[in-house]
Protein chains: 2
Amino acid sequence: MCCVTKPSQELLRSISDEHVLRSLMASRRQTRAELAVTTGLSKPTVGESVRRLVELGLVADTGERTQGGRGRGRVGSFYSLADVGVALVVMIAPGGVTAECVDAYGDVVSRSHHPIADPAEVAGVLPVAAVEAVAGRQVRLAVVSAADPVDRHTGRLVQLPDSPFLVGALDPVEVLRPFLGGPVIVDNDVNWAAQAEHVASGVADFAYLYLGEGLGCALVSDGEVRRGHSGLAGEIAHLITIGPSGVATPFIEVFGELGLRQTGSTAIDVARLLAADDEVLSVVARAIGGVVTALVTLADPAVVVVGGPWGPALLDLITTGPRAVAVAAASVREPSLTGARADALSRLRTALVEASRG
Amino acid sequence: MCCVTKPSQELLRSISDEHVLRSLMASRRQTRAELAVTTGLSKPTVGESVRRLVELGLVADTGERTQGGRGRGRVGSFYSLADVGVALVVMIAPGGVTAECVDAYGDVVSRSHHPIADPAEVAGVLPVAAVEAVAGRQVRLAVVSAADPVDRHTGRLVQLPDSPFLVGALDPVEVLRPFLGGPVIVDNDVNWAAQAEHVASGVADFAYLYLGEGLGCALVSDGEVRRGHSGLAGEIAHLITIGPSGVATPFIEVFGELGLRQTGSTAIDVARLLAADDEVLSVVARAIGGVVTALVTLADPAVVVVGGPWGPALLDLITTGPRAVAVAAASVREPSLTGARADALSRLRTALVEASRG
DNA sequence: ACATTCTAGTTAGAGGGCTTGCCTACAAAG
DNA sequence: CTTTGTAGGCAAGCCCTCTAACTAGAATGT
């Protein structure tokens with residue numbers, strides 16, 4: 001079903017250009033001869049493609065010449081991507097806002113972090129972090145991770161009944177629009193964390209269970225994070241599970257009944273939970289077991305990855321219901337940022353390829 | 001990311017051929033001039049493409065000539081797909097086995113149905129139904145719907161603990177292999193039913209809840225049925241929900257506690273359930289509500305479609321938990337067969353396009 | 001009866017992209 | 001100073017698609 005486009009010479013040309021561009025992204029600084037080898041195209045074709053891409057401003061002669069210890073032979077010109085723009089990666093968490101710029105090679109070229117004490121500061125800090133990270137660079141798109149549910153269509157943070165609202169009401173699309181000339185992609189931090197685990201592990205079907213101040217979950221099916229109709233997939237606070245007395249109870253209320261929620265908030269008190277005695281923890285684990293059973297029966301994951309501040313600590317207590325499924329602790333550090341960064345890189349590269357098509 | 005292939009003239013040619021082939025599938029019997037219009041290609045290009053496809057045996061001159069009341073002008077030759085093979089669609093249900101052949105136009109060209117009284121008869125009846133439907137035709141692939149969980153990798157029917165095993169142990173791939181020269185795709189009837197609803201409604205994200213002798217569910221995310229790692233996604237019999245007394249209980253056991261399971265079997269007694277009084281039905285509905293809450297929180301569907309022998313009857317009693325989500329009765333008739341047929345057609349067409357690439 | 005009109009299909013040529021093969025430029029090694 | 005080996009350019013050929021013009025042939029109209 002691939003390529004529903006019309007057959008034309010222009011299509012061939014753009015495919016050649018894509019090969020050259022992606023090869024330069026994979027290893028910068030290549031001569032035309034090297035490009036011909038890495039892309040599998042012929043030398044004249046690569047020469048033409050490079051000429052076009054230089055003219056478009058996407059590729060530039062670095063000025064460097066070969067001969068650097070590569071034996072005899074005529075000097076060659078090194079080409080690399082021109083100053084072609086970056087992707088902005090933003091992580092909005094209750095503890096602070098982080099902004100990064102990633103270039104098409106996947107390198108983080110700038111970074112800015114602002115701790116905050118109160119969610120209300122986000123609106124003020126976000127533009128500051130963004131402007132510091134951007135620092136005048138051309139930004140082609142932005143990818144945002146936020147610690148709250150995200151509306152898939154608008155990109156706004158939404159508050160669900162009775163679930164902790166850590167970051168607070170915010171429209172990242174609107175706030176970031178002045179900094180860039182492209183799309184702003186917003187998603188939940190748990191979804192990005194799952195994306196990072198997916199990239200790291202290569203597993204196509206798994207569930208990511210996040211246990212922290214908030215309760216979240218992400219589902220990866222057929223190699224993609226599935227966000228659902230509104231982007232609220234995995235908001236498991238109200239999933240029915242086994243309560244302390246055995247009565248069917250919404251997941252989040254289990255913590256209320258156990259006195260493990262922060263006073264005056266819907267968030268879970270992580271410190272108190274980790275300090276709880278074995279009896280309480282076994283009740284918590286049984287509730288988690290009910291949630292994992294739902295994950296397993298509905299999504300059939302190859303593995304349930306558990307992350308978050310207190311999730312991995314209870315790993316050994318978690319059962320998966322009647323079907324035996326592996327349970328593992330999350331392995332990626334800074335998972336949300338890593339996942340968002342990976343997505344930003346992939347989108348930036350695709351955007352450049354699109355740009356080469358005019 | 002489309003088209004990672006090498007740029008070559010052959011690629012253009014194959015794209016042209018694909019356009020011509022798919023146009024002939026959409027409306028058979030076209031002259032070269034009509035094909036040029038429908039595909040958007042030029043007349044000489046279409047002429048060459050048709051010549052190649054005729055040579056490959058995929059397209060044939062029908063012998064018919066135009067002039068049928070279409071005014072003056074030179075007579076043209078009508079072309080259509082040659083005798084190019086069919087797809088076999090098989091539905092294996094507790095009540096019987098149905099086999100159909102579908103051609104590349106989407107027409108059912110043959111059909112055979114064999115009722116059975118006992119699941120043990122499937123193994124004997126399946127080859128008979130298949131041979132009757134096939135009747136000597138060239139079969140390029142088979143798509144099978146079975147009323148039991150299907151192992152995604154082997155295509156075998158698997159028995160899960162304590163869930164009704166309606167069709168019984170069977171390896172449809174092995175049984176059907178003698179009848180065809182291509183792949184055999186096997187999946188759960190509920191997944192196919194969801195596929196049919198997806199085609200009919202066009203909704204990209206929804207859940208399909210099947211309530212019959214067995215309990216099943218299918219999830220459609222981003223426009224595809226998601227089967228999970230082993231193909232067991234949606235096997236909800238053991239999902240924890242609200243039991244008759246309020247205690248957290250596996251879904252299937254709710255029916256056991258209410259005395260609604262068939263004696264000596266794990267299946268639900270549909271007749272008795274439909275005849276039950278309101279109090280029992282409200283308990284059932286509350287249990288379903290727990291399941292739907294799990295569906296909604298985990299998958300975030302745009303709508304929950306309810307199908308099966310007794311599902312739609314309880315439609316008004318079903319609640320969706322804290323998030324309001326539409327609940328609707330399934331609308332497609334013969335949903336499993338329809339969904340399997342649609343998939344078979346799509347695969348057959350793709351197979352023919354592949355064949356044109358040699 | 002014969003010219004007109006209109007459509008199906010073919011032919012000719014141009015444009016352009018990719019490849020192979022060969023050539024030039026040029027630096028390091030001997 | 002010659003040899004060797006690499007970067008890059010040039011020319012020819014192939015082949016795919018397109019446009020434009022042309023041929024074939026039947027219905028219409030006078």
Side-chain angles (χ1 to χ4, degrees), chain A residues 3 5-20 23-24 29-55 59 61-80 356-358, chain B residues 3 5-20 23-24 29-55 59 61-80 356-358:
Chain A
C3 291
T5 32
K6 294 271 293 283
S8 71
Q9 315 262 70
E10 188 184 328
L11 175 64
L12 294 186
R13 213 176 41 193
S14 76
I15 294 175
S16 294
D17 290 352
E18 172 161 359
H19 275 98
V20 170
S23 178
L24 280 175
R29 249 200 34 158
Q30 293 185 75
T31 66
R32 276 171 277 195
E34 287 166 343
L35 281 169
V37 174
T38 56
T39 59
L41 303 175
S42 69
K43 287 194 292 173
T45 301
V46 168
E48 266 303 290
S49 178
V50 167
R51 194 193 55 68
R52 282 192 298 267
L53 293 171
V54 167
E55 194 170 340
V59 165
D61 188 331
T62 61
E64 300 173 278
R65 295 294 174 262
T66 120
Q67 93 218 26
R70 71 161 70 192
R72 43 194 125 179
R74 171 177 169 177
V75 288
S77 317
F78 279 116
Y79 289 87
S80 69
S356 77
R357 304 212 204 282
Chain B
C3 290
T5 31
K6 293 271 290 284
S8 71
Q9 319 266 62
E10 188 184 327
L11 175 63
L12 292 188
R13 214 176 37 194
S14 76
I15 294 176
S16 294
D17 290 352
E18 171 161 1
H19 275 99
V20 170
S23 179
L24 280 174
R29 247 201 35 157
Q30 293 185 77
T31 66
R32 275 170 277 194
E34 288 167 342
L35 281 168
V37 173
T38 57
T39 61
L41 303 175
S42 68
K43 287 195 291 176
T45 301
V46 168
E48 267 302 290
S49 179
V50 167
R51 196 194 53 68
R52 282 192 297 265
L53 293 171
V54 167
E55 195 171 338
V59 166
D61 188 332
T62 61
E64 298 172 279
R65 295 295 175 263
T66 130
Q67 92 217 26
R70 72 161 72 190
R72 42 193 128 181
R74 170 177 170 177
V75 288
S77 317
F78 280 115
Y79 289 86
S80 67
S356 78
R357 304 210 203 282

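Sequence lines set the chain letters: A, B, ... in the order given, protein chains first and strands last, and positions in each chain run from 1. Quick note: numbers below take in every heavy atom, side chains included, and nothing from hydrogens, waters or symmetry partners.
At C:dG9, one or more side-chain N or O atoms of B:S77 fall inside 4.0 Å of OP1 or OP2 (strictly under the cut-off). Here A:S16 reaches the OP1 or OP2 of C:dC18: one of its side-chain N or O atoms lies under 4.0 Å away. For D:dT19, the OP1/OP2 oxygens have no side-chain nitrogen or oxygen of B:S42 closer than 4.0 Å. Note on A:R32: every side-chain N or O is 4.0 Å or more away from OP1 and OP2 of D:dA7.
Side-chain proximity of B:R74 to D:dC10, D:dA26, C:dT7: nearest is C:dT7. When distances run from any side-chain atom of A:T31 to the nucleotides C:dG16, D:dA7, C:dG9, the shortest one goes to D:dA7. Checking C:dT11, C:dC18, C:dG21 against every side-chain atom of A:P44, the shortest atom distance belongs to C:dG21.
Where A:Y79 and A:P7 each meet DNA chain D at their nearest nucleotide, the meeting point lying more 5' is that of A:Y79. In this structure, A:K43 and A:S14 both approach DNA chain C, and ranking their closest nucleotides by distance from the 5' end singles out A:S14.
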Pair A:V54, A:D61 - check side chain to side chain contact (heavy atoms under 4.5 Å, CB included), show working. CA-CA 8 Å; A:V54 167; A:D61 188 331; over 6 Å; no

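Residue-level contact check: B:S8 touches neither bases nor backbone, having no heavy atom under 4.0 Å from any strand.
Following rounding to the nearest Å, B:L35 (CG) and C:dT7 (P) show an atom-to-atom distance of 18 Å. To the nearest angstrom, P of D:dC15 lies 9 Å from CZ of B:R13. With rounding to whole Å, A:D17 atom CG is found 16 Å from C:dG16 atom P.
Side chains of B:S23 and B:T38: a donor on one and an acceptor on the other come within 3.5 Å.
The residues B:E10 and B:R357 are annotated as not salt-bridged, no charged nitrogen and carboxylate oxygen being separated by less than 4.0 angstrom.
Annotation: side chain of A:L12 is in contact with side chain of B:Q9 (closest heavy-atom distance under 4.5 Å).
Residue side chain A:Q9 does not reach the base of C:dG17 through any donor-acceptor N/O pair under 3.5 Å, judged by distance alone.
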